[in-house]
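Everything below concerns the one structure shown next.
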Number of protein chains: 2
Amino acid sequence: MDSPSPLERVLDAETKAAENPQDHRDELRLWLRLLTCTTLIEGEIRRRLRERFDVTLPRFDLMAQLDKAPDGLTLSALSKRMMVSNGNVTGLVERLVETGHVARRTSATDRRAQLISLTELGRAEFRTMAAAHEEWVAEMFAGLGRPPREDLMRLLGRTKSSVRAAITADI
Amino acid sequence: MDSPSPLERVLDAETKAAENPQDHRDELRLWLRLLTCTTLIEGEIRRRLRERFDVTLPRFDLMAQLDKAPDGLTLSALSKRMMVSNGNVTGLVERLVETGHVARRTSATDRRAQLISLTELGRAEFRTMAAAHEEWVAEMFAGLGRPPREDLMRLLGRTKSSVRAAITADI
DNA sequence: AGGAGATGTTTTAAGCTTAAAGTAATCCGG
DNA sequence: CCGGATTACTTTAAGCTTAAAACATCTCCT
């Protein structure tokens with residue numbers, strides 16, 4: 001355990017009474033604020049996708065992955081990139097096949113695997129939605145100037161590393 | 001529209017080719033990184049709550065709100081604070097009543113409303129879980145020093161304002 | 001070749017989530 | 001005090017999500 005630096009003592013004194021070593025309220029507040037930001041943005045994107053394009057966010061996300069992979073992706077690859085379970089992707093693909101946005105073909109080299117790719121319809125619709133989506137996101141971050149956005153980007157990069165380290169540490 | 005400052009020109013030149021005014025890839029990347037951080041943390045918390053306490057995150061969240069409100073909360077108040085729909089809360093409360101973690105009583109002043117509060121069991125279990133939860137969160141942010149955490153906190157505060165402004169602007 | 005283990009996918013059961021519509025009680029202006 | 005608007009809550013239908021178990025195919029070792 002490090003003892004607090006002089007700067008930390010000052011900050012402590014400024015913010016509140018002496019801090020005991022077990023207290024992690026600041027980290028908790030940070031997490032709650034992070035969650036609030038994400039929930040707000042995600043909720044608004046969901047709402048607009050639904051309202052203007054009658055599509056759900058998970059379907060949009062799946063199409064986004066396929067748009068970046070012109071040769072198609074297997075269900076496993078999709079599941080890994082989307083950070084969701086395999087069974088989840090099975091259902092999403094099923095519904096997107098029904099609506100004609102994606103197509104499945106069995107892999108030539110592995111009869112277990114299926115390659116999923118966007119249909120022409122799927123690609124065209126996705127491109128339209130993606131353009132609007134990009135505008136929406138930019139609009140929501142517009143209140144932040146460019147330099148703060150870059151600071152935030154950097155700090156979130158460090159956060160991601162920190163979290164991954166904590167997650168993989170206890171496996 | 002502002003024309004780019006000298007510093008912005010330098011940054012543009014450093015990062016990639018000349019930027020056209022419609023391009024919002026940076027904001028998109030920022031949003032995706034924010035989402036990744038939240039997804040990672042939230043997924044791990046979900047997993048641990050399930051594994052160690054056999055509880056879901058929504059139930060934990062609901063109990064957290066009740067723990068902060070000793071006199072109980074109506075379903076509407078819960079729904080507002082948790083930022084989820086009314087119907088959602090109806091179901092969560094129903095299941096938590098079944099397991100004996102919360103209790104409902106009709107408001108003395110408004111026969112439509114019900115006040116939900118933690119039972120003794122619910123409060124005891126919540127306190128145990130909350131302590132572990134706080135540790136987990138601290139652990140995941142531990143790779144970040146205190147000053148970067150404070151920077152992040154501040155930037156997320158500005159982000160929240162920016163997003164709220166964008167969301168309420170088009171209502 | 002044969003079989004163990006790995007990998008790709010689907011199914012199942014349970015729970016979460018929402019929007020929209022429906023029911024019940026309250027509030028408030030006339 | 002009465003009727004319309006609002007507020008509190010529930011129900012419904014649809015979709016998302018997961019963990020776990022089941023199934024299919026492949027890989028690789030001997």
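Throughout, a chain's letter reflects where its sequence line sits, starting with A, and its residues are numbered from 1.
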**Request:** Answer with base, sugar-phosphate or nothing: what part of the nucleic acid does A/Val84 contact at a heavy-atom distance below 4.0 Å?
**Result:** sugar-phosphate
Query raised in the report: Taking the side chain from B/Ser162 and the backbone from B/Arg158, do they hold a donor-acceptor pair closer than 3.5 Å?
Result: no
Separation of C/dT23 atom P from B/Asn86 atom CG, nearest Å, is 17 Å
Taking D/dA8, D/dT10, C/dT9 as options, the one with an atom nearest any side-chain atom of B/Thr90 is D/dT10
Between CZ of A/Arg104 and P of C/dT9 the distance, given in whole Å, is 9 Å
From CZ of A/Arg47 across to C1' of C/dA20 the rounded distance in Å is 15 Å
A/Leu57 CG to C/dT17 C1', in whole Å, measures 13 Å
Please write out each protein N/O paired with an N/O of nucleotides 12-16 of chain D under 3.5 Å, distance rounded to 0.1 Å.
unit_1, atom_1, unit_2, atom_2, d
D/dC16, OP1, A/Thr56, OG1, 2.9
D/dC16, OP1, A/Arg59, NE, 3.1
D/dC16, OP2, A/Arg95, NE, 2.1
D/dC16, OP2, A/Arg95, NH2, 2.4

In whole angstroms, the gap separating C1' of C/dA20 from CZ of A/Arg50 amounts to 9 Å
**OP:** Would you please confirm or rule out a distance under 4.0 Å between OP1 or OP2 of C/dT9 and any side-chain N or O of A/Ser76?
**Re:** yes
Between NZ of B/Lys80 and P of D/dT7 the distance, given in whole Å, is 9 Å
Q) For A/Arg104 and A/Gln114, does a side-chain donor sit closer than 3.5 Å to a side-chain acceptor? A) yes
- prompt: Does one hydrophobic cluster hold both A/Met83 and A/Leu78, with members joined at side-chain heavy-atom distances below 4.5 Å?
  reply: no
Decide if atom CD of A/Glu120 counts as having more than 12 heavy atoms of other residues, nucleotides or ligands within a radius under 6.0 Å. no
Indicate yes or no: at least one non-hydrogen side-chain atom of A/Asn88 is less than 4.5 angstrom from one of A/Met82.
no
To the nearest angstrom, the CD-P distance between B/Gln114 and C/dA25 comes to 12 Å
| Is there side-chain contact between A/Leu30 and B/Leu156, with at least one heavy-atom pair below 4.5 Å? | yes
Interface polar pairs with nucleotides 25-29 of chain D, N/O, under 3.5 angstrom:
unit_1, atom_1, unit_2, atom_2, d
D/dT25, O2, A/Arg112, NH1, 3.0
D/dC26, OP1, A/Arg111, N, 2.9
D/dC26, OP2, A/Arg111, NH2, 3.0

A/Thr99 and A/Leu121 have their tightest heavy-atom pair at O-CD2, 3.9 Å
### Message
For the backbone of A/Leu118 and the side chain of A/Arg123, can you confirm whether one donor and one acceptor N or O come within less than 3.5 Å of each other?
### Response
no
Salt bridge or not between A/Glu44 and A/Arg47? Use side-chain N to carboxylate O under 4.0 Å. yes
In whole angstroms, the gap separating P of D/dC9 from CD of B/Glu94 amounts to 14 Å
